[in-house]
There are 2 protein chains.
Amino acid sequence: MSDEADFGHSDVDTEFGRDLLASVREALAHKRGEIELPYRVYETMPATRVKEIRRKVAKSPKEFERRFHIPARTLEGWEQGRRAPDVAARVLLTVIEKDPEAVERALS
Amino acid sequence: MSDEADFGHSDVDTEFGRDLLASVREALAHKRGEIELPYRVYETMPATRVKEIRRKVAKSPKEFERRFHIPARTLEGWEQGRRAPDVAARVLLTVIEKDPEAVERALS
DNA sequence: GAGGCGAATACGTCATTGACGCATTCTACT
DNA sequence: AGTAGAATGCGTCAATGACGTATTCGCCTC
């Protein structure tokens with residue numbers, strides 16, 4: 001493999017880098033039999049994905065906060081790639097995307 | 001009020017202490033008009049509540065992990081009061097309690 | 001009853017995140 | 001143009017997420 005991607009120097013500390021590392025860890029864990037993966041939300045979620053989901057259900061972070069109780073500032077951190085949502089947040093975002101009404105109903 | 005509870009010394013750093021502080025902060029914020037609370041999940045969630053919810057939908061933390069993708073170790077931290085679930089986690093737990101199937105559906 | 005096995009509980013640890021303050025920019029709307 | 005509300009960006013720090021490891025707790029089977 002001589003035509004592999006050029007990773008530059010400290011690219012591990014980038015979104016792509018984290019995704020890559022996460023994938024490797026996951027693959028190794030799986031190989032070790034530590035994980036019985038049926039399907040999981042353990043991958044990291046890119047900032048673009050977060051914004052995509054938010055836009056799907058709310059015009060602005062503020063509106064999103066009103067509907068789903070997630071602080072707008074926190075959401076913004078995710079959307080801007082400053083922070084990466086943790087597992088619980090990723091699961092919640094997934095649920096919100098696929099069935100926003102169910103979430104609102106639970107919070108009403 | 002001479003018969004108030006005996007708080008001991010550093011009780012602020014206890015579950016009760018945190019609940020209390022959270023309530024006070026919330027009350028002040030509300031008074032200041034910073035919050036338009038329709039209903040929120042901003043309160044902290046007691047360990048007992050987490051365990052209650054988990055039991056409602058899963059026999060064990062492990063099973064809960066399989067169904068909802070929340071690491072059993074993390075859940076245990078919440079159930080044992082070592083850690084307090086953050087807002088996103090609290091919202092998710094709330095949704096799981098009221099409509100576990102919707103969550104599973106979204107994760108399938 | 002002894003031994004074994006998966007799960008639960010408990011404790012220590014550390015990189016990361018959650019959430020805030022503050023400053024700046026970008027929208028509408030009047 | 002001027003103002004108000006929202007979004008973006010950046011720095012900060014207490015607190016969490018998640019793991020390793022050790023101990024205890026059923027539950028089953030020999």
Side-chain angles (χ1 to χ4, degrees), chain A residues 10 12-15 17-19 21-22 24-26 28-30 32-36 40-48 50-52 54-55 58-93, chain B residues 10 12-15 17-19 21-22 25-26 28-29 32-36 40-48 50-52 54-55 58-93:
Chain A
S10 57
V12 159
D13 194 23
T14 63
E15 189 175 315
R18 270 171 306 198
D19 278 354
L21 277 183
V24 172
R25 280 194 217 96
E26 193 164 307
L28 291 177
H30 183 213
R32 272 183 259 120
E34 289 174 7
I35 303 179
E36 2 58 325
R40 294 171 310 106
V41 189
Y42 276 45
E43 323 90 35
T44 66
M45 182 179 279
T48 54
V50 177
K51 181 168 282 192
E52 189 182 323
R54 193 265 297 163
R55 282 186 172 144
K59 186 167 315 204
S60 70
K62 272 289 178 191
E63 187 194 328
F64 192 91
E65 170 174 337
R66 284 186 217 107
R67 299 182 56 190
F68 306 107
H69 304 187
I70 300 299
R73 302 306 307 279
T74 299
L75 218 202
E76 286 170 6
W78 298 338
E79 291 194 0
Q80 293 167 27
R82 285 163 47 68
R83 292 283 131 68
D86 57 46
V87 197
R90 292 202 295 278
V91 171
L92 178 60
L93 286 171
Chain B
S10 57
V12 159
D13 195 24
T14 63
E15 189 177 317
R18 270 171 306 197
D19 279 354
L21 277 184
R25 280 194 219 97
E26 195 166 307
L28 290 178
R32 272 184 260 119
E34 288 173 7
I35 302 178
E36 2 57 327
R40 294 172 310 106
V41 189
Y42 275 43
E43 323 90 34
T44 65
M45 183 177 279
T48 54
V50 176
K51 181 167 283 190
E52 188 183 322
R54 192 264 297 163
R55 280 185 175 144
K59 187 168 317 208
S60 69
K62 274 288 179 195
E63 188 194 327
F64 192 90
E65 169 173 338
R66 284 184 219 107
R67 299 182 57 191
F68 305 107
H69 304 185
I70 299 299
R73 303 304 308 278
T74 299
L75 217 201
E76 285 170 7
W78 298 338
E79 290 194 0
Q80 293 168 28
R82 287 164 45 69
R83 290 284 130 69
D86 57 45
V87 196
R90 292 201 296 277
V91 170
L92 179 60
L93 287 171

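For clarity, every value in this text was computed on a predicted model and none was experimentally measured. All chains are named by letter (A, B, ...) in the order of the sequence lines, taking the proteins before the strands, and each is independently numbered beginning at 1.
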For A/Gln80 and C/dT24, give me the distance from atom CD to atom C1', rounded to whole Å. 13 Å

Is there a donor-acceptor contact under 3.5 Å from the side chain of A/Arg90 to the main chain of A/Pro85? yes

Starting at CZ of B/Arg66 and ending at P of C/dG6, how long is that distance when rounded to a whole Å? 12 Å

Can you tell me which nucleotide in C/dT9, D/dT8, D/dA7 comes closest to the side chain of A/Lys51? D/dT8

Under 4.0 Å between any heavy atoms, over every strand shown, what does A/Lys59 touch: base, sugar-phosphate, or nothing? Just pick one. nothing

So if I take every side-chain heavy atom of B/Arg83 and compare against D/dA18, C/dA7, D/dG11, which nucleotide ends up nearest? D/dA18

Report yes if a donor N or O on one partner sits less than 3.5 Å from an acceptor N or O on the other, where the partners are the side chain of A/Arg82 and the base of D/dG11; otherwise report no. yes

Charged N to carboxylate O under 4.0 angstrom, A/Glu63 versus A/Arg66? no

What's the separation between atom CG in A/Asp86 and atom CH2 in A/Trp78, rounded to the nearest 0.5 Å? 7.0 Å

Phosphate oxygens OP1/OP2 of C/dC11: is one of them under 4.0 Å from a side-chain N or O of B/Arg73? no

Please report the distance, rounded to the nearest Å, between CD in A/Glu63 and P in D/dG5. 17 Å

Using the closest heavy atom to pick a nucleotide of DNA chain D for each, name whichever of A/Arg55 or B/Thr74 lands nearer the 5' end. A/Arg55

Rounded at 0.5 Å granularity, tell me how far NZ in B/Lys59 sits from CZ in B/Arg54. 11.0 Å

Could you tell me how far apart A/Ile70 (CD1) and C/dG18 (P) are, to the nearest whole angstrom? 9 Å

Interatomic spacing from OG1 in A/Thr74 to CD in A/Glu79 - rounded to 0.5 Å: 11.5 Å

Rounded interatomic separation in angstrom, taking CG from B/Leu75 and C1' from C/dT9: 14 Å

May I have the distance from B/Glu65 (atom CD) to D/dC19 (atom P), rounded to whole angstrom? 9 Å

OP1 or OP2 of D/dG17 less than 4.0 angstrom from a side-chain nitrogen or oxygen of B/Trp78, does that happen here? yes

Any idea which of D/dA6, D/dA18, C/dT9 is nearest the B/Glu79 side chain? C/dT9

Whole angstroms only, please: what is the CG-P distance between B/Leu93 and D/dT16? 14 Å

May I have the distance from B/Asp86 (atom CG) to C/dT17 (atom P), rounded to whole angstrom? 12 Å

